[in-house]
**Q** 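First the structure, which I've put down as structure tokens, then a few questions once you've had a look.
Bear in mind the structure is a predicted one, so any value in this text is a computation, not a measurement.
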Amino acid sequence: QVQLIESGGGLVQAGGSLRLSCAASGRTFSSYAMAWFRQVLGKEREFVSGISYTGVRTNTADSVNGRFAISRDNAKNTVYLQMNNLKPEDTAVYYCAARLDRDYSDLRSGYRYWGQGTQVTVSS
């Protein structure tokens, strides 16, 4: 069982930056691949970025590639999403997700554990 708590969301102007954090409970965090998804009200939850259990492999959606970066610190049981050059279309609720697997998935169905989400709002 893993519990995930996101933080770091907020209101930022276009072109600004935010760093999201996701703190995980439990002593086996390093066994889980992690990901960030986002969802706009009325739309499907979409994959943003994923990271393998060691942090060696990462992937980022085309829509945020070059602006967002995922990382993890297994000693702190935390995964991060650094978001730079934010755009109004990045406005969404961002969710952290975990799966007991070495590698990430870009499918929502691939994750058993989810955080409660953190709101990111980018003003133009």
Side-chain angles (χ1 to χ4, degrees):
Q1 187 81 10
V2 175
Q3 291 186 324
L4 306 172
I5 300 176
E6 302 99 333
S7 62
L11 174 64
V12 63
Q13 290 188 331
S17 298
L18 284 174
R19 188 175 81 156
L20 304 183
S21 298
C22 173
S25 65
R27 295 176 291 178
T28 59
F29 175 73
S30 59
S31 299
Y32 290 78
M34 304 293 295
W36 288 95
F37 286 72
R38 67 185 182 184
Q39 188 169 20
V40 176
L41 189 63
K43 295 188 176 181
E44 293 291 319
R45 191 169 298 186
E46 66 173 2
F47 174 81
V48 175
S49 190
I51 189 166
S52 65
Y53 75 126
T54 60
V56 170
R57 279 177 42 82
T58 64
N59 190 27
T60 304
D62 289 344
S63 59
V64 302
N65 195 27
R67 300 187 297 119
F68 291 13
I70 191 170
S71 62
R72 66 188 297 161
D73 185 340
N74 285 347
K76 295 183 178 180
N77 283 14
T78 303
V79 63
Y80 304 97
L81 185 68
Q82 179 65 45
M83 306 186 295
N84 298 325
N85 191 21
L86 283 159
K87 303 177 180 181
E89 51 264 41
D90 295 319
T91 295
V93 178
Y94 284 71
Y95 295 90
C96 175
R99 65 192 238 125
L100 187 56
D101 197 287
R102 292 184 175 186
D103 211 354
Y104 54 81
S105 168
D106 59 2
L107 300 176
R108 179 179 179 177
S109 60
Y111 295 85
R112 179 175 182 181
Y113 303 103
W114 293 85
Q116 81 289 349
T118 185
Q119 176 71 47
V120 171
T121 303
V122 185
S123 62
S124 57

**Q** Is it the case that the side chain of Thr91 and the backbone of Thr121 share a donor-acceptor pair, with hydrogens and angles ignored and the cut-off at 3.5 Å?
**A**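 No, because the side chain of Thr91 does not come within donor-acceptor range (under 3.5 Å) of the backbone of Thr121.
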
**Q** Identify whether Phe29 and Leu100 are in the same connected component of the hydrophobic contact network (ILVMFWY, side-chain heavy atoms under 4.5 Å).
**A**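 Both belong to a single hydrophobic cluster.
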
**Q** With no hydrogens and no angle check, is any side-chain donor or acceptor of Arg72 less than 3.5 Å from a backbone partner on Lys76?
**A**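 Between the backbone of Lys76 and the side chain of Arg72 there is no qualifying donor-acceptor contact (under 3.5 Å).
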
**Q** Quick check: closest heavy atoms across Tyr113 and Val2, and the distance to 0.1 Å?
**A** CD2-O, 3.5 Å

**Q** So, does Glu6 use its side chain to make a donor-acceptor pair with the main chain of Gln116 at under 3.5 Å?
**A**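 It does hold such a pair.
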
**Q** Are Tyr94 and Val122 linked, directly or through other ILVMFWY residues, by side chains that come within less than 4.5 angstrom of each other?
**A**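 Same cluster: Tyr94 reaches Val122 through Ile, Leu, Val, Met, Phe, Trp or Tyr contacts under 4.5 Å.
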
**Q** Is there a donor in the side chain of Asn84 and an acceptor in the side chain of Ser17, or the other way round, less than 3.5 Å apart?
**A**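 Yes, Ser17 and Asn84 have a side-chain donor paired with an acceptor closer than 3.5 Å.
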
**Q** State, with a plain yes or no, whether a side-chain heavy atom of Met34 is found less than 4.5 Å away from one of Leu4.
**A**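 Yes, their side chains come closer than 4.5 Å.
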
**Q** With rounding to the nearest 0.5 angstrom, report the CD to OG1 distance, Gln1 to Thr28.
**A**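 Rounded to the nearest 0.5 Å, the CD-OG1 separation comes out at 10.5 Å.
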
**Q** Closest heavy-atom contact between Val79 and Cys96?
**A** CG1-SG, 3.8 Å

**Q** Do Arg38 and Tyr95 come within less than 4.5 Å of each other through their side chains, counting heavy atoms only?
**A**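 No; the side chains remain at least 4.5 Å from each other.
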
**Q** Looking at side-chain heavy atoms only, is the closest gap between Thr118 and Val93 below 4.5 Å?
**A** no

**Q** Judged by atom type as modelled, is there a donor-acceptor pair below 3.5 Å linking the side chain of Tyr111 to the main-chain atoms of Ser105?
**A** yes

**Q** For the residue pair Ala14 and Pro88, what are the closest heavy atoms and their distance?
**A** CB-CD, 4.1 Å

**Q** Is there side-chain contact between Val64 and Ser49, with heavy atoms separated by less than 4.5 Å?
**A** no

**Q** Hey, is the main chain of Gln3 close enough, under 3.5 Å, to the side chain of Ser25 for a donor-acceptor pair?
**A** yes

**Q** So, for Val40 and Ala92, which heavy atoms are closest and what is the spacing to 0.1 Å?
**A**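 Between these two residues, the closest heavy atoms are CG2-CB, 3.9 Å.
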
**Q** Regarding Arg19 and the six-membered ring of Tyr80, is the cationic atom NZ or CZ under 6.0 Å from the ring centre and inside 45° of its axis?
**A** yes

**Q** Are there more than 12 heavy atoms of other residues, nucleotides or ligands under 6.0 Å from atom CD of Glu89?
**A** yes

**Q** Check this for me: Leu11, atom CG, are more than 12 non-hydrogen atoms of other residues, nucleotides or ligands nearer than 6.0 Å?
**A** yes

**Q** Which heavy atom of Phe47 sits nearest to which heavy atom of Asn59, and what is that distance?
**A**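 Phe47 and Asn59 have their closest heavy atoms at CZ-O, 3.9 Å.
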
**Q** CG/Asp73 to OG/Ser30 distance, rounded to the nearest 0.5 angstrom?
**A** 11.5 Å

**Q** Does the side chain of Asp101 come within less than 4.5 Å of Tyr32's, by heavy atoms?
**A** no

**Q** Heavy-atom distance under 4.5 Å between the side chains of Trp114 and Phe37, does that happen here?
**A** yes

**Q** Using only atom types and a distance under 3.5 Å, with no angle test, would you say the side chain of Arg67 pairs donor to acceptor with the backbone of Ser63?
**A**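 Yes; at least one donor-acceptor contact below 3.5 Å.
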
**Q** Treating Ile, Leu, Val, Met, Phe, Trp and Tyr as nodes and any side-chain heavy-atom pair under 4.5 angstrom as an edge, say whether Trp36 and Tyr53 lie in one connected cluster.
**A**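 Shared cluster, no.
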
**Q** Do Val12 and Met83 sit in one hydrophobic cluster, given that two such residues count as connected whenever their side-chain heavy atoms are within less than 4.5 Å of each other, even indirectly?
**A** yes

**Q** Which is it for Val120 and Leu20 under the side chain to side chain contact (heavy atoms under 4.5 Å, CB included) test, yes or no, and what are the steps along the way?
**A** CA-CA 9 Å; Val120 171; Leu20 304 183; 4.0 Å; yes

**Q** Against the six-membered ring of Tyr104, is Arg99 placed for a cation-pi contact (under 6.0 Å from the centre, within 45° of the normal)?
**A** no

**Q** Nearest 0.5 Å please: distance from the CD1 atom of Ile5 over to the CG atom of Asn77.
**A** 11.5 Å

